[in-house]
Amino acid sequence: MLKDVYLARLERLYGDYLKTVQDLEDKRKFGEGMFGFKGGPADNPCHDRFVDELRALLEDFAAQEPDSADVREVMLWIFDAPTRFPKPRTACWMLLAVHGLTDVLTERLSPEDAKALYDAYTGRYKRWERMPNQIELLKKLKART
């Protein structure tokens, strides 16, 4: 029950963020953000706002003391987001980067759920493609097993 409330909040948060980024892409002027120049969708404050809102949502979820199964499902939802939402491309890196925010939930995982998440994550994201925050997250999941 608790996870359903937070999954619905995640859906809204991600949906709003992706719509905002798509709108920015659609309204992009020629040359904005190209060749290292400022401007364009990548420099919009919506990305920082998304991170802040997701962090607050996950901290609130952790404060509710959810059980391990609910934590696993919420984390899986976030881990699967880059696959479910491959566009707009401007948002893809952010959807990967926020995986590190789930570390606030790792202490709530049982060893079995931590292992299941670790296995799913390593199967989905290849070692040579991982960002530092993903590597740190995997270390925390491994430590819980």
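Everything numeric here is computed off the predicted structure, so don't read it as measured data.
Every residue two or more places apart in sequence or in another chain was checked for a side-chain hydrogen bond (donor to acceptor under 3.5 Å, both in side chains) with Tyr14, and none qualifies. By the side-chain contact (heavy atoms from CB on, under 4.5 Å) test, Asp16 pairs with no residue at all, sequence neighbours left out. Residues satisfying the side-chain contact (heavy atoms from CB on, under 4.5 Å) criterion with Glu136, sequence neighbours excluded, are Lys139. Looking at residues two or more places apart in sequence or on another chain, you find a side-chain contact (heavy atoms from CB on, under 4.5 Å) between Arg144 and Glu107, Ala114. For Asp119, the side-chain contact (heavy atoms from CB on, under 4.5 Å) partners two or more places apart in sequence, or in a different chain, are Lys115.
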Practice task
Show your working on salt bridge (Lys or Arg N to Asp or Glu O under 4.0 Å) between Arg9 and Asp60 and close with a plain yes or no.
Solution key: CA-CA 11 Å; Arg9 287 179 62 189; Asp60 184 52; 3.1 Å; yes

Problem - Derivation of the side-chain contact (heavy atoms from CB on, under 4.5 Å) call for Thr106 and Met75 - result: CA-CA 9 Å; Thr106 56; Met75 289 177 76; 4.0 Å; yes

Practice task
Output, in order, the C-alpha distance, side-chain angles, deciding distance and verdict of side-chain contact (heavy atoms from CB on, under 4.5 Å) for Leu95 and Tyr17.
Solution key: CA-CA 10 Å; Leu95 298 186; Tyr17 171 66; 4.2 Å; yes

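The closest donor-acceptor contact from the side chain of Ser68 to the backbone of Leu109 lies at 3.5 Å or more, if one exists at all. Under the 3.5 Å distance criterion, the side-chain polar atoms of His99 are matched with a main-chain donor or acceptor of Ile78. Looking at Asn133, its side chain does come within 3.5 Å of a backbone N or O of Ala97 through a donor-acceptor pair. Between the Arg130 side chain and the Tyr125 main chain, a donor and an acceptor come within less than 3.5 Å of each other.
We find the OH-OG1 distance between Tyr118 and Thr145 to be 8.0 Å, quoted to the nearest 0.5 Å. For the atom pair CZ (Arg72) and CD (Glu112), the distance works out to 10.0 Å, reported to the nearest 0.5 Å. Taken from CZ in Phe61 to CZ in Arg108, the straight-line distance is 9.0 Å, to the nearest 0.5 Å. Between the CG atom of Asp113 and the CD atom of Glu73 there is a distance of 9.5 Å, given to the nearest 0.5 Å. We find the NZ-CG distance between Lys19 and Asp26 to be 9.0 Å, quoted to the nearest 0.5 Å. Asp103 CG to Leu137 CG: the interatomic distance, rounded to the nearest 0.5 Å, is 7.0 Å.
Between Trp77 and Phe85, the ring planes lie tilted relative to each other; the angle falls in the 30° to 60° range.
Listed by first then second residue, pairs satisfying salt bridge (charged side-chain N to carboxylate O under 4.0 Å, His left out) with a partner in residues 76-89 read Asp80-Arg124, not counting sequence neighbours.
Nearest heavy-atom pair, Thr102 versus Phe79, reported as atom, atom and distance to 0.1 Å: OG1-CE2, 3.6 Å. For Leu101 against Leu58, the heavy-atom pair with the smallest separation is O-CD1, 3.7 Å.
Between Val21 and His47, some side-chain heavy-atom pair lies under the 4.5 Å cut-off.
A donor-acceptor contact closer than 3.5 angstrom links the side chains of Tyr121 and Gln134. For the 3.5 Å distance criterion, the side chains of Tyr6 and Asp70 fail to qualify, holding no donor opposite an acceptor.
Residue Val5 is grouped with residue Leu7 when hydrophobic side chains (ILVMFWY) are merged at heavy-atom distances under 4.5 angstrom, including chains of intermediate members. Criterion: ILVMFWY side-chain heavy atoms under 4.5 Å apart, direct or through other members. Under it, Val104 and Leu13 are part of a common hydrophobic cluster. Leu10 and Leu2 fall within the same hydrophobic cluster, where Ile, Leu, Val, Met, Phe, Trp and Tyr residues are linked whenever their side-chain heavy atoms come under 4.5 Å apart, directly or through other members.
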